[in-house]
Visitor: 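Sharing a structure, written as structure tokens. Questions coming.
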Amino acid sequence: MSFEHLDVLIIGAGLSGVGAACHLKRLCPSRRFAILEGREAMGGTWDLFRYPGIRSDSDMYTLGYNFKPWSDPQAIADGPSIRRYIQETAAEHGVDRLIRYRHRVIEANWCSASATWQLLVQRGEEGELLRMSCQFLMMCTGYYRYEAGYTPEFAGREDYQGVFIHPQLWPEGFDYSGKRVLVIGSGATAVTLVPALAERAAQVTMLQRSPSYVINLPQRDGLSNALRRVLPETWVYRLARGRNVTLQLAFYKLAKRFPSLVRRILLGLVRRQLGDRVDLRHFSPRYKPWDQRVCAVPDGDLFRVLRQGKAQVVTAEIESFTTQGVRLKGGEELAADVIVSATGLQLQLFGGIAVQVDGVPFEAPKSMGYRGIMLRDLPNLAVVMGYTNASWTLKADLSSEYFCRLINHLDTIGMRQVTPRDSTGSVHPEPFLDLQSGYIERASHLLPAQGDRVPWKLHQNYLLDLALLRYGKLEDDYLEFSTPREEAQAELA
């Protein structure tokens, strides 16, 4: 079995992994590293998801990297455009040559004696096993299972004679022209699918158990596109990014402080789009704004197909599937040639990798997040994830930059290992994510906690994180810097 040691290994070549590699190359130029990607292509989510209409639910001025301007006129971009953006970034910074495809990490074990991560990796279609080690490990695996999405247990599903699809595994080249399509769900995937499917399907029905908040956003940023005529691209990007970060944060804070006011505003905007054509109860959630994510509708495409009668919304619970569609609990039957289960994701930490510390399985639910980047008692490892109330990449960029600072600081002080510790046990745990979304509640038992105070508390605030992670001090009462005794003795000898 072959063996290789590198300074840093990045797991995942998606939006986060490519970004982490670019930061690492810029901030830690002497470090040798590679990106291990289990699939055969880079792009992560934006390569995996191929369902009709796939797009970002955030503007690209904030979803884009902080070091590479987004220059496309469309601020809310489709999946292929985002995939090209990731590929261009990787090529421009030379990190595309550092990606090792079809390298699936099976287990990662921290060895305290050598202060290294020992990885078991499965390579290629044959599943050849190889060993790799590194001093630092960056988990850029996202937060959900790539193999399958979440589908509830529908009674009678085996009786259905039509086509049943989960969007995460959309069949290549699937033709739904002229068919009756039923989309089960009300989240971001459903509101993306419905207008896209309505362009070719005979009829599209969005069946939701409960509504979500939706907001109409312009697909193009008129001001930024105008400024491009007179300002350099980088200036335009910075201005738009700063403006949108501020607006996103202000909207979130307003929703949390005055939920009733924000609810009236959101429902009022929907009423302006639909008038009397659609019952507003289909867009009136029982929860408060930002208890779950607010869904973006670019250029009102969902509202447009509803006004045109190409699509409809039904709010009801499913009693069972039938041979021709589904029967609702009220007795009504909805016929469909195709049923799309846009029912969410299955959360998964570390991309399914079995993480251990000196051969003992690491139990993430018993741990606690440190600055939303590291985990208590887990040395030299970063989990690069994004915000739930803003664009993913805002936090991913800051997380990668912070971890690079830590790597350099270890060099400066002559240490090999950094580990978040709570030696006093005085930090009280709280739920890791302040959202009531189904996919988060289903996986709450798998997630670590957050703490009730800095630096264990998860802020979900880019401006505050920017100050703390990019400019704040690195050493505090909770980070333990050390060098293994065996290694220290070997160096003295």
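Throughout, numbering of the chain's residues begins at 1 and tracks the sequence.
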Visitor: Any luck finding a side-chain donor-acceptor pair between Tyr213 and Arg293 under 3.5 Å?
Guide: no
Visitor: Who are the ring-ring contact (aromatic ring centres under 6.0 Å, His included) partners of Trp392, not counting sequence neighbours?
Guide: Tyr143
Visitor: Closer than 3.5 angstrom, by distance alone: can the side chain of Glu430 be matched with the main-chain N or O of Gln450 as a donor-acceptor pair?
Guide: no
Visitor: Just wondering, do Leu217 and Ile76 contact through their side chains at under 4.5 Å, heavy atoms?
Guide: yes
Visitor: Are Gln208 and Thr315 close enough, and set up right, to give a side-chain hydrogen bond (donor to acceptor under 3.5 Å, both in side chains), and what steps lead you there?
Guide: CA-CA 5 Å; Gln208 57 184 13; Thr315 303; 2.9 Å; yes
Visitor: With sequence neighbours left out, write down each residue that passes salt bridge (charged side-chain N to carboxylate O under 4.0 Å, His left out) with Asp72, or none if nothing qualifies.
Guide: none
Visitor: Per the ring-ring contact (aromatic ring centres under 6.0 Å, His included) rule, what does the pair list look like for residues 35-55, sequence neighbours excluded?
Guide: Phe49-Tyr51, Phe49-Tyr144
Visitor: May I ask you to test the Val8-Cys134 pair for a side-chain heavy-atom distance under 4.5 Å?
Guide: no
Visitor: Quick check: are there more than 12 heavy atoms from other residues, nucleotides or ligands sitting under 6.0 Å from CZ of Arg50?
Guide: yes
Visitor: For atom CZ of Arg209, decide whether the heavy atoms of other residues, nucleotides or ligands shown that lie under 6.0 angstrom number more than 12.
Guide: no
Visitor: Say whether, by atom type as modelled, one donor and one acceptor occur between the side chain of His166 and the main chain of Tyr150 under 3.5 angstrom.
Guide: yes
Visitor: Suppose we screen for ring-ring contact (aromatic ring centres under 6.0 Å, His included). Which residues come up paired with Trp117, at least two apart in sequence or across chains?
Guide: Trp110
Visitor: Do you know which two heavy atoms are closest between Asp47 and Met42, and how far apart they sit?
Guide: CB-O, 3.4 Å
Visitor: Around Lys310, counting heavy atoms of other residues, nucleotides and ligands shown, do more than 12 lie under 6.0 Å from its NZ?
Guide: yes
Visitor: Output the distance between atom CG (Leu27) and atom CG (Asn408), rounded to the nearest 0.5 Å.
Guide: 7.0 Å
Visitor: State whether the side chain of Gln168 and the backbone N or O of Ala342 hold a donor-acceptor pair below 3.5 Å, judged by distance alone.
Guide: no
Visitor: Considering non-hydrogen atoms only, spot the tightest contact between Asp7 and Ser30 and give its length.
Guide: OD2-O, 4.1 Å
Visitor: Does Asn66 have any side-chain hydrogen bond (donor to acceptor under 3.5 Å, both in side chains) partners at least two apart in sequence or in another chain, and if so, which?
Guide: Glu401
Visitor: Under the side-chain hydrogen bond (donor to acceptor under 3.5 Å, both in side chains) test, which residues partner Tyr237, sequence neighbours left out?
Guide: Arg241
Visitor: Please say whether more than 12 non-hydrogen atoms of neighbouring residues, nucleotides or ligands are located less than 6.0 Å from CZ in Arg26.
Guide: yes
Visitor: Atom CG in Leu466, atom CG in Asp397: separation rounded to 0.5 Å?
Guide: 10.5 Å
Visitor: Could you tell me the separation between the OH atom of Tyr146 and the CD atom of Gln346, rounded to the nearest 0.5 Å?
Guide: 14.5 Å
Visitor: Checking Tyr61 side chain against Asp221 main chain: does a donor-acceptor pair fall under 3.5 Å?
Guide: no
Visitor: His93: what forms a ring-ring contact (aromatic ring centres under 6.0 Å, His included) with it, not counting sequence neighbours?
Guide: Phe67
Visitor: Taking only residues two or more places apart in sequence, or in another chain, which ones meet Tyr387 in a ring-ring contact (aromatic ring centres under 6.0 Å, His included)?
Guide: none
Visitor: Using the ring of each side chain (for Trp, its six-membered ring), is Tyr402 parallel, tilted or perpendicular to Tyr370, with breaks at 30° and 60°?
Guide: tilted
Visitor: Taking atom types as modelled, find out whether Thr343 and Ser341 have a side-chain donor-acceptor pair closer than 3.5 angstrom.
Guide: yes
Visitor: Is there a salt bridge (Lys or Arg N to Asp or Glu O under 4.0 Å) between Asp411 and Arg31? Walk through the geometry before answering.
Guide: CA-CA 11 Å; Asp411 283 346; Arg31 294 289 183 169; 2.8 Å; yes
Visitor: Glu147 and Leu169: which non-hydrogen atoms are nearest, and at how many Å?
Guide: O-CD1, 3.7 Å
Visitor: Would you say the rings of Phe33 and Phe136 are close, in the sense that their centroids are separated by under 6.0 Å?
Guide: no
Visitor: Could you tell me if the side chain of Met138 sits less than 4.5 Å from the side chain of Phe403, heavy atoms only?
Guide: yes
Visitor: Less than 4.5 Å apart, side chain to side chain, heavy atoms only: is that true for Arg145 and Leu345?
Guide: no
Visitor: Dump the intermediate steps for ring-ring contact (aromatic ring centres under 6.0 Å, His included) on Trp70 and Tyr65, then the final yes or no.
Guide: CA-CA 8 Å; Trp70 173 261; Tyr65 298 115; over 10 Å; no
Visitor: Would you check if Thr393 and Ser391 make a side-chain contact, meaning some heavy-atom pair closer than 4.5 Å?
Guide: no
Visitor: Determine whether the aromatic ring centres of residues Phe481 and His409 are separated by less than 6.0 angstrom.
Guide: yes
Visitor: Less than 4.5 Å apart, side chain to side chain, heavy atoms only: is that true for Phe283 and Leu266?
Guide: no
Visitor: What pair of heavy atoms forms the shortest contact from Arg453 to Ser426, and how long is it?
Guide: NH2-O, 2.8 Å
Visitor: Does any part of the side chain of His459, heavy atoms only, come nearer than 4.5 Å to the side chain of Val454, both counted from C-beta?
Guide: yes
Visitor: In Å, rounded to the nearest 0.5 Å, how long is the span from CZ of Arg100 to CD1 of Ile35?
Guide: 10.5 Å
Visitor: Applying side-chain hydrogen bond (donor to acceptor under 3.5 Å, both in side chains), can you list everything that pairs with Arg281, at least two apart in sequence or on another chain?
Guide: Asp279
Visitor: Go through the structure and list residues passing side-chain hydrogen bond (donor to acceptor under 3.5 Å, both in side chains) with Gln312, not counting sequence neighbours.
Guide: Thr205
Visitor: When you measure from the side chain of Asp57 to the backbone of Cys295, do you find a donor-acceptor pair of N or O atoms at a distance under 3.5 Å?
Guide: no
Visitor: Hey, does the side chain of Ser81 reach the backbone of Ala77 with a donor-acceptor pair shorter than 3.5 angstrom?
Guide: no
Visitor: Checking side-chain hydrogen bond (donor to acceptor under 3.5 Å, both in side chains) for the pair Gln248/Asp59: CA distance, chi angles, key distance, verdict?
Guide: CA-CA 10 Å; Gln248 288 172 7; Asp59 70 277; 2.9 Å; yes
Visitor: Distance check, rounded to the nearest 0.5 Å: Asp299 atom CG versus Asn216 atom CG?
Guide: 7.0 Å
Visitor: Which residues pass the salt bridge (charged side-chain N to carboxylate O under 4.0 Å, His left out) test with Asp377, not counting sequence neighbours?
Guide: Arg421
Visitor: Going by atom type alone, with no hydrogens or angles, which donor-acceptor pairs under 3.5 Å involve a side-chain atom of residues 181-200 and a protein atom two or more places apart or on another chain?
Guide:
from: Ser186; atom 1: OG; to: Ser210; atom 2: O; distance (Å): 2.9
from: Ser186; atom 1: OG; to: Ser212; atom 2: OG; distance (Å): 3.2
from: Thr192; atom 1: OG1; to: Arg55; atom 2: NH2; distance (Å): 3.2
from: Thr192; atom 1: OG1; to: Ala188; atom 2: O; distance (Å): 2.8
from: Arg200; atom 1: NE; to: Ser177; atom 2: OG; distance (Å): 3.3
from: Arg200; atom 1: NH2; to: Asp175; atom 2: OD1; distance (Å): 3.1
from: Arg200; atom 1: NH2; to: Ser177; atom 2: OG; distance (Å): 3.4

Visitor: Check the angle between the aromatic planes of Phe362 and Phe350 and answer parallel, tilted or perpendicular using the 30° and 60° thresholds.
Guide: tilted
Visitor: If you measure from CZ on Arg286 to CG on Asp291, what distance do you get to the nearest 0.5 Å?
Guide: 12.5 Å
Visitor: Flag the pair Leu349 / Met139 as yes when at least one side-chain heavy-atom distance between them is below 4.5 Å, and no otherwise.
Guide: no
